[in-house]
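I have placed the structure first, in the form of structure tokens, so that the comments after it can refer back to it.
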Amino acid sequence: DMTAPESTRHYVSWFRQAAPYIHAFRGRTFVIGFGGEVAQGALAQALAQDCNLLAALGIRLVLVHGARPQIEAELKRRKLKARYHKGLRVTDVEALECVKAAMGVTRLEIEALLSQGLPNTPMAGAWMRVTGGNFITAKPVGVVDGVDYQYTGAVRKIIAEEISADLDQQNVVLISPIGVSPAGEIFNLCMEEVAEAVAVALQAEKLIFLCDAPGVTDGRGKLIEAITAEEAEQVLRKPKRLTEDLGLYLPCCMRATRAGVKRAHLIDRDIDGGLLLELFTHEGVGTVVTRDPLARLREATIDDVAAIVGLIAPLEADGTLVRRGRERLEMEIGRFSVLEHDGVILGCAALYPFSKDKAAELACLAINPDYRRVGYGEQMLHYMEARARKAGLKRLFVLTTRTSHWFIERGFKDAGVDSLPREKRELYNWQRRSKVLGKAM
């Protein structure tokens, strides 16, 4: 038996599915932000290995680390008390010394993790050049509600061209959230704000946060896989639904996508390989934030023919759809509409009008099997109905052998062959014995 073991077949299948993402991401800039919990956690080693893999695939990587637990430990060691106001650290002179010490140690530890190259590990033979620099100029937060934040700062400017020059040299840029003012004062900055500012300044492809939750969830606790900046704004009005990290990171994702960053991702920091699963599988594991909806319905073009063939071939094979040759598809592509999700065609349908009868046949409605429960079929149907109404048509009909219940549940009624326009009636295939269902527009 020459059949490969099932685990091998899964591996090959996954690798092939990842290939389009590998091609798409080469040469793109990703900014990854993570707190000090990640740097000192059990999965720090795995994160270093995954970052190494991303760099090896030609992704331009900027890592922004935090150090909150390390700063807390340093304060405790020096018998000092942490001070916060509205969730933001008040950094006095003594706290600043703790910040500098904790940041320095955390940075060195991350550099060490990224510099490994032991045999029999995922980093064997790898050597990542990790660089940093004075890329951030800062300004004081100042006095808020009568509280002087002292050496707690905000980003004034990111020297983007210097970061880009380092990335051009195939370096991985590691940024600590510390900034210097033009007067030479050192300020303690928020990791998430630095990551956001860097991603916007570089117009990065992705801003990624590793956080203390699987992502954004709905009212029933179910993961929301994709959310627009506008929808994120609504979620932020219900802060009880958000963990500490989500409350800090989601506004950054929202602002970044509105300022030109293509995608922002929130991934559970405790999932081993979460970064790879989110980036290289279509389903992902976290929440992606975009400025506009990820799924869009549009009219098909000739470039979509191959994707439509892939969608309908299994349904033609099992007799659900009538066979259409590729040539016929190319000739009739103007009749088709597609549902595209993040650049991948997941659904299609066609509209064949009969102008004299002010009617149209809805044909070839197909959705990728993995996404049928998401409601894409319904979205596709609504879109085709709107397209028919726009064309001034009054009636829609479908011929179906296996999905009549689905259409009946959505307002179609048994109509019989005699209800078809004369041209269509003459072409009716009595051998298929398709049910004819109709719906007034």
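Computed from a prediction, not measured in an experiment: that's the story for all the values here. Residue numbers count from 1 along this sequence. Hydrogens, waters and symmetry mates are skipped; everything else that's a heavy atom, side chains included, is used.
The closest side-chain heavy-atom distance from Leu210 to Asp270 is not below 4.5 Å. Side-chain contact check for Ile408 versus Lys413: every heavy-atom pair is 4.5 Å or farther apart. Counting heavy atoms from C-beta outward, Val338 and Ile308 have side chains that approach closer than 4.5 Å. In this structure, Cys51 and Leu114 have side chains that are in contact, with non-hydrogen atoms separated by less than 4.5 Å. Contact annotation: the side chain of Val62 never approaches that of Leu174 to less than 4.5 Å [non-hydrogen atoms, C-beta and beyond]. Residues Leu351 and Leu396 have side chains in contact (heavy-atom distance under 4.5 Å, counting atoms from C-beta outward). In this structure, the side chains of Leu399 and Leu420 come closer than 4.5 Å at one or more pairs of heavy atoms. Counting heavy atoms from C-beta on, the side chains of Met103 and Pro177 come closer than 4.5 Å.
At most 12 heavy atoms of other shown residues, nucleotides or ligands fall within 6.0 angstrom of atom CZ in Arg422. Shown here is Glu423, whose CD atom has no more than 12 heavy atoms of other residues, nucleotides or ligands within 6.0 Å. Crowding of Glu330 atom CD: a count of heavy atoms from other residues, nucleotides or ligands under 6.0 Å exceeding 12. Glu327 CD: 12 or fewer foreign heavy atoms inside a 6.0 Å radius. Atom CG of Asn134 has 12 or fewer neighbouring heavy atoms from other residues, nucleotides or ligands inside a 6.0 Å radius.
Remark: the backbone N or O of Ile163 is not paired with any side-chain donor or acceptor of Asp166 at under 3.5 angstrom. Side chain of Ser13 to main chain of Arg9: no donor-acceptor pair is present (N/O by atom type, distance under 3.5 Å, no hydrogens or angles). Formation of a donor-acceptor pair under 3.5 Å by the Gln203 side chain with backbone atoms of Val200 is found in this model. In this structure, Tyr149 contributes its side chain and His85 its backbone to a donor-acceptor pair below 3.5 Å.
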Got a list of side-chain donor-acceptor pairs under 3.5 Å for residues 23-37, not counting sequence neighbours?
{"unit_1": "Arg28", "atom_1": "NE", "unit_2": "Ala24", "atom_2": "O", "d": "3.2"}
{"unit_1": "Thr29", "atom_1": "OG1", "unit_2": "Arg60", "atom_2": "NE", "d": "3.2"}

Result block: side-chain N/O donor-acceptor pairs under 3.5 angstrom for residues 219-229, not counting sequence neighbours:
{"unit_1": "Thr228", "atom_1": "OG1", "unit_2": "Glu231", "atom_2": "N", "d": "3.1"}
{"unit_1": "Thr228", "atom_1": "OG1", "unit_2": "Glu231", "atom_2": "OE1", "d": "3.3"}

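With rounding to the nearest 0.5 angstrom, the SG atom of Cys253 is 5.5 Å from the CG atom of Leu207. We find the CG-SG distance between Leu248 and Cys190 to be 7.5 Å, quoted to the nearest 0.5 Å. Annotation: the span from Leu236 atom CG to Leu250 atom CG amounts to 4.5 Å, rounded to 0.5 Å. Separating the CG atom in Leu365 from the SG atom in Cys348 is a distance of 7.5 Å, to the nearest 0.5 Å. Summarising the geometry, atom CZ belonging to Arg402 is positioned 10.0 Å from atom CG belonging to Leu321; distances are rounded to the nearest 0.5 Å. If you take CD1 on Ile22 and CZ on Phe280, they are separated by 5.5 Å, rounding to the nearest 0.5 Å.
Considering only residues two or more places apart in sequence or on other chains, Asp357 meets the side chain to side chain donor-acceptor pair (under 3.5 Å) condition with none of them. Residues satisfying the side-chain contact (heavy atoms from CB on, under 4.5 Å) criterion with Leu43, sequence neighbours excluded, are Ala46, Asp272. Listed by chain and residue number, Phe397 satisfy the ring-ring contact (aromatic ring centres under 6.0 Å, His included) test with Phe354 (two or more places apart in sequence, or in another chain). For the salt bridge (Lys or Arg N to Asp or Glu O under 4.0 Å) test, no residue two or more places apart in sequence or in another chain qualifies with Arg335. Phe135 meets the ring-ring contact (aromatic ring centres under 6.0 Å, His included) test with no other residue; sequence neighbours excluded. Tyr11 is linked by a ring-ring contact (aromatic ring centres under 6.0 Å, His included) to Phe15, counting only residues two or more places apart in sequence or in another chain. Under the side-chain contact (heavy atoms from CB on, under 4.5 Å) criterion, Asn368 pairs with Leu311, Leu346, Asp370, Tyr371, not counting sequence neighbours.
Geometrically, Arg410 engages Trp406 in a cation-pi contact, judged by NZ or CZ lying under 6.0 Å from the ring centre and within 45° of the ring axis.
For residues 244-256, the set of pairs meeting the salt bridge (charged side-chain N to carboxylate O under 4.0 Å, His left out) definition, not counting sequence neighbours, comprises Arg68-Glu244, Glu196-Arg255, Asp245-Arg269. Pairs passing the side-chain hydrogen bond (donor to acceptor under 3.5 Å, both in side chains) check and including a residue from residues 284-296, sequence neighbours excluded, read Arg296-Glu340. Identified under the salt bridge (charged side-chain N to carboxylate O under 4.0 Å, His left out) test for residues 384-394, with sequence neighbours left out: Glu299-Arg387, Glu385-Lys439.
Closest heavy-atom contact between Thr257 and Val289: CG2-O, 3.3 Å. The shortest heavy-atom contact between Arg263 and Val288 is CD-CG2, 3.6 Å. Considering every non-hydrogen atom in both Pro421 and Ala359, the closest pair reads CG-CB, 4.4 Å. Considering all non-hydrogen atoms of both residues, Ile136 and Ser176 come closest at CD1-O, 4.2 Å. Contact between Tyr383 and Leu297 at its shortest, heavy atoms only, is CD1-CB, 3.6 Å. Across Ala154 and Leu189, no two heavy atoms sit closer than the pair N-CD2, 3.6 Å.
The aromatic rings of Phe209 and Tyr249 sit parallel to each other, their planes meeting at less than 30°, with 60° as the upper class boundary.
No side-chain donor from either of Arg89 and Thr152 sits under 3.5 Å from a side-chain acceptor of the other. In summary, the side chains of Thr106 and His65 do not present any donor paired with an acceptor at a separation below 3.5 Å, with no hydrogens or angles considered.
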Do Val155 and Val194 pass the side chain to side chain contact (heavy atoms under 4.5 Å, CB included) test, and can you show the C-alpha distance, the side-chain angles, and the key distance before you say yes or no? CA-CA 7 Å; Val155 175; Val194 171; 4.1 Å; yes
Stepwise, does the salt bridge (charged side-chain N to carboxylate O under 4.0 Å, His left out) test hold for Glu233 with Arg258? CA-CA 12 Å; Glu233 214 164 344; Arg258 282 177 169 164; 2.7 Å; yes
Between Ile158 and Thr137, does a side chain to side chain contact (heavy atoms under 4.5 Å, CB included) hold up when you go through it step by step? CA-CA 7 Å; Ile158 302 290; Thr137 57; over 6 Å; no
Derivation and outcome, side chain to side chain contact (heavy atoms under 4.5 Å, CB included), residues Asp304 and Arg298: CA-CA 11 Å; Asp304 299 318; Arg298 60 172 174 80; 2.8 Å; yes
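At a threshold of 4.0 Å, the pair Glu316-Arg324 does not count as salt-bridged, since none of the basic side-chain nitrogens sits closer than that to a carboxylate oxygen.
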